[in-house]
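Below is one structure; the comments refer to it alone.
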Amino acid sequence: MKLLMVGAGSMSEALVRGWIDAGLSPETITMTNRSDRDRLDQLHNELGVRIVDEEDVNAYDIVVLAMQPDGVLPYVRSKTWTKPLLISVAAHIEPAELEAASGLPAVCAMPNTPVAFRDGMTGLWFGPETDESVRATATALFERVGRTAVTDAKTMSAFMAAAGCSPAFFYEIVGSMTPVLTDAGFDEATARQIVAQAMKGSAELLLHETRPTDALISDVAAPGGPTDRGVGVLRDRDLSDVMSAALRESAKEDVEQHQS
Ligand SMILES: NC(=O)c1ccc[n+]([C@@H]2O[C@H](COP(=O)([O-])OP(=O)(O)OC[C@H]3O[C@@H](n4cnc5c(N)ncnc54)[C@H](OP(=O)(O)O)[C@@H]3O)[C@@H](O)[C@H]2O)c1
């Protein structure tokens with residue numbers, strides 16, 4: 001499988017790092033951008049990928065469009081497409097628009113940067129012209145670097161808020177917890193590691209569990225014990241309301257951007 005990344009920014013690099021870590025040969029991955037040759041040289045030297053200035057998009061099996069959203073459709077319209085599976089990772093682009101501009105089946109993917117560590121969460125919005133085989137190919141590609149969920153016009157905004165914006169929410173939570181550890185005597189780096197590892201382990205457990213979150217809380221919160229008292233503070237101060245309001249706000253902002 002030959003893969004072309006059009007755009008060599010942070011998202012493109014995160015995906016390529018994840019795919020190489022997952023076993024794709026760097027030789028099968030080609031990266032290009034618009035003007036920054038130094039950046040391409042750096043990626044070639046660090047990752048061993050191929051780089052090109054002028055790309056023949058039909059020489060690849062998959063072309064991933066990873067430039068800023070306003071550049072995607074002009075780029076697609078500027079080429080004649082005969083072969084590759086077209087995948088855009090740009091926000092606010094719809095697969096039907098790509099299909100109309102290219103004449104080929106297309107997929108809009110919404111990954112997040114943890115794909116670099118193969119721990120990503122990618123939303124996949126399949127175009128109306130995609131068949132089972134195209135869907136399976138796109139799904140397999142992104143499952144190499146994490147998990148996937150099928151999205152569409154209705155669910156994409158909530159997906160982007162939950163998978164794309166929530167890492168910032170988690171960092172905010174970590175930032176509010178670490179001072180308690182540094183006050184107790186840990187250095188900043190150790191404090192961050194303790195909280196982050198506790199979050200990571202809890203997330204791992206959640207991914208293997210089907211019981212409601214209240215049941216998982218009961219597992220660790222004996223009545224009147226320290227966990228139970230801490231959870232009580234979160235509930236008294238309505239953390240649930242705060243978190244859902246934040247997520248709704250991020251999802252709303254995305255809808256407004258999409259409409260503008
Ligand atoms: N960053 C994220 O967390 C994230 C998450 C999900 C989705 N996305 C999506 O991923 C896309 C890229 O985001 P980013 O953060 O990686 O942006 P970025 O760091 O600004 O990188 C954009 C890249 O696209 C290249 N480019 C622009 N126009 C081009 C063209 N016409 N042909 C070839 N290359 C072109 C730029 O090259 P030059 O520097 O040479 O101009 C640059 O390498 C965006 O559409 C964004 O919505 C990002």
Short N-O contact, Lys83 and Asp61, less than 4.0 angstrom: yes
Could you tell me whether the side chain of Glu99 reaches within less than 4.5 Å of the side chain of Pro128, counting heavy atoms only? yes
For Asp53, side chain to side chain donor-acceptor pair (under 3.5 Å) partners two or more places apart: Arg37
Sub-4.5 Å side-chain heavy-atom contact between Leu141 and Ile62: yes
Close side-chain approach of Val107 and Val134, heavy atoms under 4.5 Å: yes
Would you check if the side chain of Thr130 reaches a backbone N or O of Arg135 as a donor-acceptor pair within less than 3.5 Å? no
Whether the side chain of Thr155 engages the backbone of Thr151 through a donor-acceptor N/O pair (distance < 3.5 Å, no angle test) should be reported. no
Between Met11 and Val115, is a side chain to side chain contact (heavy atoms under 4.5 Å, CB included) present by the stated rule, with each step listed? CA-CA 9 Å; Met11 192 67 240; Val115 290; 3.6 Å; yes
Arg192 with Glu188: basic N within carboxylate O range, under 4.0 Å: no
Can a donor-acceptor pair be found, under 3.5 Å and without considering hydrogens, that links the side chain of Asp228 to the backbone of Ala221? no
Quick check: does any side chain N or O of Ser176 sit under 3.5 Å from a backbone N or O of Ile173, one acting as donor and the other as acceptor? yes
Distance check, rounded to the nearest 0.5 Å: Met110 atom CE versus Ser157 atom OG? 10.0 Å
Among Asp41, Asn33, Asn45, find the one that has a side chain to side chain contact (heavy atoms under 4.5 Å, CB included) with Ile51. Asp41
Pair Glu13 + Arg39, salt bridge at N-O below 4.0 Å: yes
Roughly how far apart are Ser25 OG and Lys2 NZ, rounded to 0.5 Å? 12.0 Å
Between Asp119 and Arg147 (salt bridge meaning N to carboxylate O under 4.0 Å), is one present in this structure? no
SG (Cys108) and CD (Glu97) are apart, to the nearest 0.5 Å, by 7.5 Å
Considering only NZ, NE, NH1 and NH2 on the basic side and carboxylate oxygens on the acidic side, decide whether Arg50 and Glu55 come within less than 4.0 Å. no
Under the criterion side chain to side chain contact (heavy atoms under 4.5 Å, CB included), I'd like the reasoning laid out for Thr32 against Met5: C-alpha separation, chi angles, the key distance, then a yes or no. CA-CA 6 Å; Thr32 190; Met5 304 297 294; over 6 Å; no
Does Leu65 belong to the same Ile/Leu/Val/Met/Phe/Trp/Tyr cluster as Leu73, with side-chain heavy atoms less than 4.5 Å apart forming each link? yes
Would you kindly confirm whether Leu234 and Leu181 end up in one hydrophobic cluster when ILVMFWY residues are joined by side chain heavy atoms under 4.5 Å apart? yes
CD1-CZ distance between Ile87 and Phe126, expressed to the nearest 0.5 angstrom: 9.0 Å
